[in-house]
Amino acid sequence: MDVKLNHRYKADAQQSYTLPSSYYTNEAIFNMEKEKVFCKNWIFAGHIEKVSEPGEYFTFQIFDQNIMIIKGADKTIRGFYNVCPHRGHELVEGEGKKSIISCPYHAWTFHLDGQFNRGRAVDQIQNFDNNEACLTAVRVEVFLNFIFVNLDPNAKSLREMMPGLEGEIRANIPKLDQLTLSHRIKYDIKANWKNVVDNYLECNHCQVAHPQFVELVDMKSYKINADEYYISQTSKGKQTLNCNVNNETSNEDVETYLSYWLWPTLAIDIMPGETGLIIMYIEPDGPENTIEHLEFYYLTKEPSAEGWANIEYQDKVLTPEDIALVESVQRGLHSKGYVDGRYVVDNGHTSISEHGVHHFHGLVLKALEGFKKNE
Ligand code: FES
Ligand SMILES: [Fe+2]
């Protein structure tokens with residue numbers, strides 16, 4: 001059921017107020033977001049290496065929807081709702097490899113491409129149509145070697161929504177196809193998912209809250225650019241976590257800091273230093289809880305000393321700093337002394353500008369109520 005959405009958001013960031021606190025706490029608004037944001041947009045599922053062989057599969061959740069990703073005999077990666085068309089039992093669990101999908105309840109079987117194979121005595125069912133007993137597919141798109149799923153059959157493709165992004169990231173990581181998952185970490189955060197995204201989309205807090213980060217990147221060259229469905233933050237690197245970019249880099253090192261947020265809940269960070277990227281997947285878990293997944297991709301399964309230095313920094317310094325901020329904001333959003341705020345927008349779109357947060361809030365409102373830029 002839709003709820004009344006009151007806010008003082010305006011398309012012009014200079015005149016606008018932020019999303020009001022109820023948007024970050026209210027269960028009815030969260031339920032609307034489930035349907036209108038998360039069931040209609042591209043959600044991160046994992047790296048293609050999780051299904052490198054035909055028959056390999058893994059499952060994951062988009063709220064209560066259990067999804068199976070499986071590679072077919074034809075090497076196509078497909079996604080299906082993980083449910084049997086007979087009486088609704090779940091078909092597979094966790095991850096693994098199958099030559100045929102067999103339901104644990106009454107043993108109907110399905111090919112890897114979701115087509116019905118056989119079931120005992122189905123030939124005695126009147127008007128039984130094999131085509132009605134296939135698995136229900138979901139949209140899958142592979143982008144930068146990551147698998148994304150969209151539960152909306154009519155959604156635009158990710159490439160159409162984010163033109164040029166894949167080429168830009170590939171140009172900065174020529175060895176992108178060689179990256180492998182080296183390490184992963186999960187955090188439970190007591191904050192609404194938008195509060196976590198808001199924090200990611202500005203660096204106005206960096207000088208105040210991230211003293212080590214502002215030593216790694218050159219804040220004077222920091223730029224934030226909002227495209228329609230993604231936002232980039234870039235700057236020159238000043239140093240890596242264990243050496244100076246200008247003195248001790250190899251040819252393969254990345255010399256800049258690059259970060260990309262992809263609507264609605266994925267971020268890709270490329271730190272100055274050796275080739276690699278960090279995935280930050282923000283998984284909403286109720287109106288005031290979020291699970292943050294960090295995945296570190298490098299050229300080797302075992303991270304190098306610099307890779308470990310980066311992992312340690314993210315895990316012990318940067319992420320705890322941000323979690324403390326967003327959890328404090330989440331408590332503050334319950335205060336009777338706060339309803340909404342203003343955006344600090346710097347026309348040069350430098351590190352202090354919060355226009356990315358404003359842009360993100362516009363996308364949320366567009367999804368929830370069809371708010372258009374010119375309103
Ligand atoms: S529910 Fe799957 S075979 Fe019956
Ligand atoms: Fe931060």
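A quick note: this is a predicted structure, and the numbers were derived from the prediction, not measured. FYI, the numbering just counts along the sequence from 1. For ligands, and for the atoms within them, numbers begin at 1 and follow the listed sequence.
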Worksheet item: Is there an N/O/S atom in Cys203 that lies less than 2.8 Å from the Fe ion (ligand 2)?
Response: no
Discussion item. Keeping to distances under 2.8 Å, can you name the protein N/O/S atoms close to atom 4 (Fe) of ligand 1?
Written reply: His86 ND1, His106 ND1
Worksheet item: Okay, side chain of His359, backbone of Glu228: is any donor-acceptor separation there less than 3.5 Å?
Response: yes
Fill in: ring pair (Phe, Tyr, Trp, His ring centres under 6.0 Å) partner of Trp193, the single match among Phe38, Tyr23, Phe63, Phe30
Phe38
Response to the item:
Here the N/O/S atom of His205 closest to the Fe ion (ligand 2) would be NE2
Worksheet entry | Mutual orientation of the aromatic rings belonging to Tyr281 and Phe44 [parallel < 30°, tilted 30-60°, perpendicular > 60°] | tilted
Worksheet item: For Asp322, what is the atom name of its N, O or S atom nearest to the Fe ion (ligand 2)?
Response: OD1
Worksheet item: Is there a donor-acceptor pair closer than 3.5 Å between any side-chain N or O of Tyr229 and the backbone N or O of Leu363?
Response: no
Practice prompt. State, yes or no, whether a side-chain contact exists between Thr25 and Asn192 at a heavy-atom distance under 4.5 Å.
Written response: no
Worksheet item: Between the main-chain N or O of Gln14 and the side-chain N or O of Arg342, is there a donor-acceptor pair closer than 3.5 Å?
Response: yes
Worksheet item: When hydrophobic residues are tied together by side-chain contacts of less than 4.5 Å, even through go-betweens, does Phe60 share a cluster with Tyr57?
Response: no
Discussion item. Restricting to N/O/S atoms, is Glu321 within less than 2.8 Å of the Fe ion (ligand 2) or not?
Written reply: no
Worksheet item: Does NZ or CZ of Arg184 lie under 6.0 Å from the centre of the six-membered ring of Phe296, at an angle within 45° of the ring axis?
Response: no
